[in-house]
Every structure is written in structure tokens, then in C-alpha cells.
Amino acid sequence: ADMLNYLARVLESKSLNLSCVLYHVVFASDPSHPYAGANFAIALHKLGHEDAAREIAAQALESNELSEWGKNALMQENLTP
């Protein structure tokens, strides 16, 4: 999960669509991953999928494992309640 999340992050500037797919794979396989949920929600948000971004952000925030970076990143993108 960590390697795929990292790969998606590296690829983000080249292909946000591909990164979004990779974040989805990581988040689906490990919803408690400390970064993937926030990364997935932010990628969806950047691609204009607001409802899906808010849904994923809410799921990520429910996890006790979401990193402080993830929480702050979601707040910066206005994806927190």
C-alpha cells in the first residue's frame, strides 16, 4: 500500500487521472492507510468530482489512522465538515 501511494504521489504531476486510480486501489485495499484516503479525496476534488471527494474525505476522517498531514490537507481543500 505504501509503495502504490508513493507511486501515485510521484505520478500526480504527470497524470492526475492515473494517480486517482492508484489512490483508489490503495484506499480500497487499506481504508486505514494514513495518507491514501486524503490523497484520493484531494485527487477527486482536483478532477471536479466534489460529491465523491467529500464522501471519501468523510470515510478517511473516520479512520483513527489518518495522519495529521492528511487531516490538514483535507482542511486546506475544504473537504472537512
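Numbering starts at 1 and runs along the sequence shown.
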**Q.** Residues E65, H33; criterion side chain to side chain donor-acceptor pair (under 3.5 Å); working and verdict
**A.** CA-CA 7 Å; E65 302 300 319; H33 190 277; over 6 Å; no
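- Listed by first and then second residue, the salt bridge (Lys or Arg N to Asp or Glu O under 4.0 Å) pairs that reach into residues 16-31 come to none, sequence neighbours excluded.
- Separating the OH atom in Y23 from the CZ atom in R9 is a distance of 5.0 Å, to the nearest 0.5 Å.
- Put simply, CG on N39 and OG on S67 are 8.5 Å apart, with the number rounded to the nearest 0.5 Å.
- Note on K46 versus E77: no salt bridge recorded, every NZ/NE/NH1/NH2 to OD/OE distance being 4.0 Å or above.
- The two residues I56 and G37 have their closest heavy-atom pair at CG2-O, 3.5 Å.
- Residues P81 and L61 are in side-chain contact: their nearest non-hydrogen atoms beyond the backbone lie under 4.5 Å apart.
- Side-chain contact between P34 and L66: absent, with no pair of heavy atoms (C-beta onward) separated by less than 4.5 Å.
- For R54 against L79, the heavy-atom pair with the smallest separation is NH1-CA, 3.6 Å.
- A distance of 4.0 Å separates CG in L44 from SG in C20, rounded to the nearest 0.5 Å.
- Under the 4.5 Å side-chain heavy-atom criterion for Ile, Leu, Val, Met, Phe, Trp and Tyr, V26 and L18 are members of the same hydrophobic cluster.
- Between the CE atom in M3 and the CG atom in L22 there is a gap of 12.5 Å [rounded to 0.5 Å].
- Nearest heavy-atom pair, A8 versus S19, reported as atom, atom and distance to 0.1 Å: O-OG, 2.6 Å.
- In this structure, the side chains of L7 and L11 come closer than 4.5 Å at one or more pairs of heavy atoms.
- Contact between L74 and A57 at its shortest, heavy atoms only, is CD2-CB, 3.9 Å.
- Looking at every heavy atom in both residues, A38 comes nearest to A60 through N-CB, 4.2 Å.
- Aromatic ring pairs are classed by plane angle as parallel below 30°, tilted from 30° to 60° and perpendicular above 60°; the pair F27 and F40 is tilted.
- From N78, atom CG reaches atom CD of E50 across 9.5 Å, with rounding to the nearest 0.5 Å.
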